[in-house]
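Quick notes on the structure that follows.
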Number of protein chains: 2
Amino acid sequence: MDATPGLRKTLIEAALKLLEAGGAEPSLRSVAREAGVSAMAPYRHFADKAALLSSVASYGFVILRDALAAADRKPEARQALFAQGMAFIDFARANPALFRLMYSHEYGRADTDAVRGSYEVLAKRVAGITPKHAVAATLACRAMAQGLATIELSGRLGPATSEDVAVALRLLVAGLSSSMPRVAAVKRRRRHSSAMR
Amino acid sequence: MDATPGLRKTLIEAALKLLEAGGAEPSLRSVAREAGVSAMAPYRHFADKAALLSSVASYGFVILRDALAAADRKPEARQALFAQGMAFIDFARANPALFRLMYSHEYGRADTDAVRGSYEVLAKRVAGITPKHAVAATLACRAMAQGLATIELSGRLGPATSEDVAVALRLLVAGLSSSMPRVAAVKRRRRHSSAMR
DNA sequence: GTTCCGTTGTTTACGGTGTAAACAGCATAC
DNA sequence: GTATGCTGTTTACACCGTAAACAACGGAAC
């Protein structure tokens with residue numbers, strides 16, 4: 001709440017810098033070095049390495065949420081949805097290492113206002129287009145955007161190009177309009193596998 | 001080609017065992033320990049740790065390709081496509097750590113017959129459904145399946161459930177039928193951003 | 001058979017990592 | 001003044017990936 005203690009913010013910035021410079025997750029010691037401080041100093045502000053990198057990830061979600069919200073300001077609904085998807089993918093292209101961190105298994109567990117906020121921006125937009133299966137459709141959009149971004153960053157597009165990424169996204173957005181009778185059928189006679197986790 | 005030298009296979013199996021047991025990437029030394037061999041022994045069979053874990057990932061792709069090919073054997077095309085997607089997601093559910101390894105940035109760079117084979121199984125099926133935008137549609141299916149699996153494994157489904165995962169997948173499959181006039185329009189007046197990478 | 005050599009595995013060693021523990025400076029409260 | 005709590009430091013330890021030198025052994029050449 002109060003003014004950040006200084007070193008805390010410095011460490012996050014140092015970690016971010018090393019992250020995008022090196023491409024991979026920086027070591028705690030290298031972050032401390034970059035910040036011009038002893039190896040143990042970070043422990044005064046973060047419980048452990050995971051806490052530091054998770055804070056970096058949380059910072060990334062703030063940027064991402066704002067980008068999504070800005071992209072969403074479009075007159076036509078489907079146009080806004082597509083723009084959100086492209087903004088997501090462009091964020092990943094512009095900050096590949098940060099993006100990977102944010103969606104990594106060990107450091108991407110942030111549950112902040114920004115994370116929830118970005119979900120809300122998408123969910124609201126989807127609900128205006130596909131009110132019938134809003135939750136599933138929102139999930140589909142998330143999965144598509146995250147999948148496309150991840151695949152492009154990993155360099156495994158295969159025969160596809162960066163243009164095909166946009167086309168693939170539009171395929172989903174365009175498909176969300178249909179009434180989807182089969183989907184409704186599936187949901188009605190839903191199976192016994194309710195609580196797997 | 002010839003019978004695997006023994007230790008090589010033993011190491012891969014040990015790594016796989018530790019991987020699924022511990023959830024996270026095992027250390028080279030722990031794999032050697034598990035195989036009952038000295039810490040340096042793996043270097044006689046693998047250039048480094050990445051080579052060992054990449055071999056584990058390649059093994060995973062063999063299993064995955066077979067599962068996809070089996071799921072694809074369905075009378076109706078869209079049914080087969082949906083089954084492939086669910087088989088992909090079920091593979092991730094059954095082998096979460098292996099799945100993450102296979103699609104990780106550092107170890108998932110395999111380019112084997114199995115990787116290409118699994119792509120072919122999908123591409124052929126998609127081409128029979130959406131011949132017009134086959135490459136982009138194949139990419140869309142890959143992204144959706146990978147995105148859904150990743151999101152579910154990360155426990156970030158949000159308000160969605162495991163059932164919604166299936167619904168989301170079906171949303172895409174059902175949407176692939178439409179003629180998509182907008183997509184064609186986009187592709188025709190394509191922009192100047194051809195080679196970004 | 002003896003010699004030679006390539007393969008496979010071992011021991012030892014080094015620099016890097018995450019982090020626990022003990023300590024030092026320094027501001028503020030009394 | 002003294003005491004206390006916060007912030008940073010030094011030291012220490014177990015673990016990691018891997019380079020280098022060495023030992024055992026099995027087959028090929030003679």
Side-chain angles (χ1 to χ4, degrees), chain A residues 1-58 97-98 100-102 104-110, chain B residues 1-58 97-98 100-102 104-110:
Chain A
M1 288 301 173
D2 52 358
T4 324
L7 184 51
R8 183 186 168 89
K9 191 199 255 192
T10 303
L11 286 168
I12 291 179
E13 285 166 357
L16 193 56
K17 176 179 170 185
L18 291 179
L19 179 70
E20 285 298 358
E25 158 200 332
S27 72
L28 225 197
R29 293 168 100 111
S30 71
V31 173
R33 231 175 285 135
E34 173 74 23
V37 94
S38 80
M40 297 301 292
Y43 285 94
R44 291 294 157 195
H45 301 272
F46 302 95
D48 52 15
K49 181 187 179 179
L52 204 192
L53 292 188
S54 294
S55 292
V56 175
S58 294
L98 178 57
R100 275 194 291 266
L101 182 78
M102 290 162 63
S104 73
H105 188 58
E106 44 273 335
Y107 306 120
R109 303 224 149 285
Chain B
M1 288 301 173
D2 50 358
T4 324
L7 184 53
R8 183 185 169 89
K9 191 199 257 192
T10 303
L11 287 167
I12 291 179
E13 285 166 358
L16 194 55
K17 177 180 170 184
L18 292 178
L19 180 70
E20 285 299 358
E25 157 200 333
S27 73
L28 225 197
R29 293 168 100 111
S30 71
V31 173
R33 231 175 286 135
E34 173 73 24
V37 94
S38 81
M40 297 301 292
Y43 285 95
R44 292 292 158 198
H45 301 274
F46 301 95
D48 53 15
K49 180 186 181 181
L52 203 192
L53 292 188
S54 294
S55 292
V56 175
S58 295
L98 177 59
R100 275 194 291 265
L101 182 78
M102 290 162 62
S104 74
H105 189 56
E106 44 272 334
Y107 306 119
R109 304 225 150 284

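Every chain is numbered from 1 and lettered A, B, ... according to where its sequence line falls, protein lines coming before strand lines.
Distance, A:Glu34 CD to C:dT17 P: 13 Å, rounded to whole Å. The distance between atom CZ of A:Arg33 and atom P of D:dT9, rounded to the nearest whole Å, is 14 Å. For the pair B:Leu52 CG and D:dC16 C1', the computed distance is 15 Å after rounding to whole Å. Counting to the nearest Å, the C1' atom of C:dT7 and the CZ atom of B:Arg8 are 15 Å from each other.
Under the side chain to side chain donor-acceptor pair (under 3.5 Å) criterion, B:Arg109 pairs with B:His105, not counting sequence neighbours. When the side chain to side chain donor-acceptor pair (under 3.5 Å) test is applied to A:Ser38, no partner is found at least two apart in sequence or on another chain. With sequence neighbours excluded, the residues satisfying side chain to side chain contact (heavy atoms under 4.5 Å, CB included) with B:Ala51 are B:Phe46, B:Ala47, B:Asp48. In this structure, the side chain to side chain donor-acceptor pair (under 3.5 Å) partners of B:Ser27, at least two apart in sequence or on a different chain, are B:Ser30. With sequence neighbours excluded, no residue forms a side chain to side chain donor-acceptor pair (under 3.5 Å) with B:Tyr43.
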### Query
Can you give one letter per nucleotide of nucleotides 17-28 of chain D, 5' to 3': B if a protein heavy atom sits under 4.0 Å from the base, S if only from the sugar-phosphate, - if neither?
BBBBB-------
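Side-chain N/O atoms of A:His45 include none lying less than 4.0 angstrom from OP1 or OP2 on D:dC6.
Side chain of B:Glu25 to main chain of B:Leu101: no donor-acceptor pair is present (N/O by atom type, distance under 3.5 Å, no hydrogens or angles).
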